[in-house]
Number of protein chains: 2
Amino acid sequence: MSYYTRIAALRDKRGLTQEELADLLGISRAALSHYEKNRRKPDFHTLTKLSDFFNVTIDYLIGRPPQLLDNNVNDHIPIHSLKEEDIFRMVELRWEGLLLTTDETKKVLNIVQKKNQL
Amino acid sequence: MSYYTRIAALRDKRGLTQEELADLLGISRAALSHYEKNRRKPDFHTLTKLSDFFNVTIDYLIGRPPQLLDNNVNDHIPIHSLKEEDIFRMVELRWEGLLLTTDETKKVLNIVQKKNQL
DNA sequence: AAAATCATGATACGTATTGTAACATTTATG
DNA sequence: CATAAATGTTACAATACGTATCATGATTTT
């Protein structure tokens, strides 16, 4: 219920001060401090700027726990006529909230391929 | 800049009225209408309830355009010591914002495997 | 097709939340 | 341990929110 955003952790990881990040995003340091301490909630625009900057999803940013993979109903996926670009768009691998590059994705998919288990 | 949430579209897809969805989520119909028309912005808790209900990310829900896969720096991924469960956690395939089930994911990964192109 | 019903959009206002500046406290450094 | 740098906190004006209510639009019924 009471989320803790991961802004502070992400910022620390990059060795930025509140003031530096605030300037980069065009917001005040006080506001950023409030966000990190969960006293204030950034609006969508700021959320997006933060997510873009750190290359994470908003879900990750606000500390939303990951969803489970089952109990879902996707009737409309044309699984057998997926084009390569469709698949490319679907595959978004992340590690601790961070998107993998194309290269990294390739490597992981190769492992999947070898293990042949999923 | 000015996002349009996909709440209305997702709700319509399920054939729900504003009142029905509002009741399911424990919010007022007026509030929901405001969210759909981008006159008000739901708080994190409501955002999460909506995302959980529709099984989509918050990013998708608020209409954030998808991120690109390149220009990223993930130095810390232990690619060669990934356990199967690690990979499982990483693989979150989506189609129009909706998470794929394990079965569907298997199928798509099988296609990837055959095309052997990614 | 008019009346009635249902669904959604819009407004106004009391309340709650936000942003900012200023001050306080904590942490790092010479 | 004194100073500076970084972060935390408070108070208040400005903004945004939730709700009730009314307005409009869309279906249904007869």
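Naming: A, B, ... by sequence-line order, numbering from 1 per chain.
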Query raised in the report: At under 4.0 Å, does any side-chain N or O of Gln18(B) touch on OP1 or OP2 of dC6(C)?
Result: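 No, outside the criterion.
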Query raised in the report: Is any side-chain N or O of Ser33(A) closer than 4.0 Å to OP1 or OP2 of dT7(D)?
Result: no
What integer distance in Å separates [X]:[atom1] from [N]:[atom2]?
X        : N       : atom1 : atom2 : value
Leu32(B) : dA20(D) : CG    : C1'   : 16 Å
Lys37(A) : dT9(D)  : NZ    : C1'   : 11 Å
Glu19(A) : dT20(C) : CD    : P     : 14 Å
Arg29(B) : dG9(C)  : CZ    : P     : 8 Å
His45(B) : dC17(D) : NE2   : C1'   : 17 Å
Arg11(A) : dA6(D)  : CZ    : P     : 10 Å
Glu20(A) : dA5(D)  : CD    : C1'   : 11 Å
Glu36(A) : dG8(D)  : CD    : P     : 6 Å

Query raised in the report: Within 45° of the ring axis of Phe54(B) and under 6.0 Å from its six-membered ring centre, is that where the NZ or CZ of Arg6(B) lies?
Result: no
Query - Arg64(A) vs Asp59(B), salt bridge (Lys or Arg N to Asp or Glu O under 4.0 Å): CA-CA, chis, key distance, verdict - result: CA-CA 12 Å; Arg64(A) 182 181 180 217; Asp59(B) 301 72; over 6 Å; no
**Report entry** For Leu32(A) against Ala22(A), the heavy-atom pair lying closest together
**Finding:**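 Scanning both residues, the minimum pair turns out to be CD2-N, 3.9 Å.
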Under 3.5 Å, N/O pairs linking protein and nucleotides 17-19 of chain C:
unit_1  : atom_1 : unit_2   : atom_2 : d
dT18(C) : OP1    : Lys41(A) : N      : 3.1
dG19(C) : OP1    : Tyr35(A) : OH     : 3.1
dG19(C) : OP2    : Tyr35(A) : OH     : 3.2
dG19(C) : N7     : Arg40(A) : NE     : 3.0
dG19(C) : O6     : Arg40(A) : NH2    : 2.7

Requested in this report: Answer yes when Glu20(B) and Arg11(B) have at least one side-chain N-carboxylate O distance shorter than 4.0 Å, and no when they do not.
Outcome: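 Looking at Glu20(B) and Arg11(B), the cut-off is not met.
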Query raised in the report: Hey, does Tyr35(B) have a side-chain heavy atom less than 4.5 Å from the side chain of Gln18(B)?
Result: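 Answer no - side chains too far apart.
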Requested in this report: Please check if the side chain of Ser51(A) supplies one atom and the backbone of Leu47(A) the other of a donor-acceptor pair under 3.5 Å.
Outcome: yes
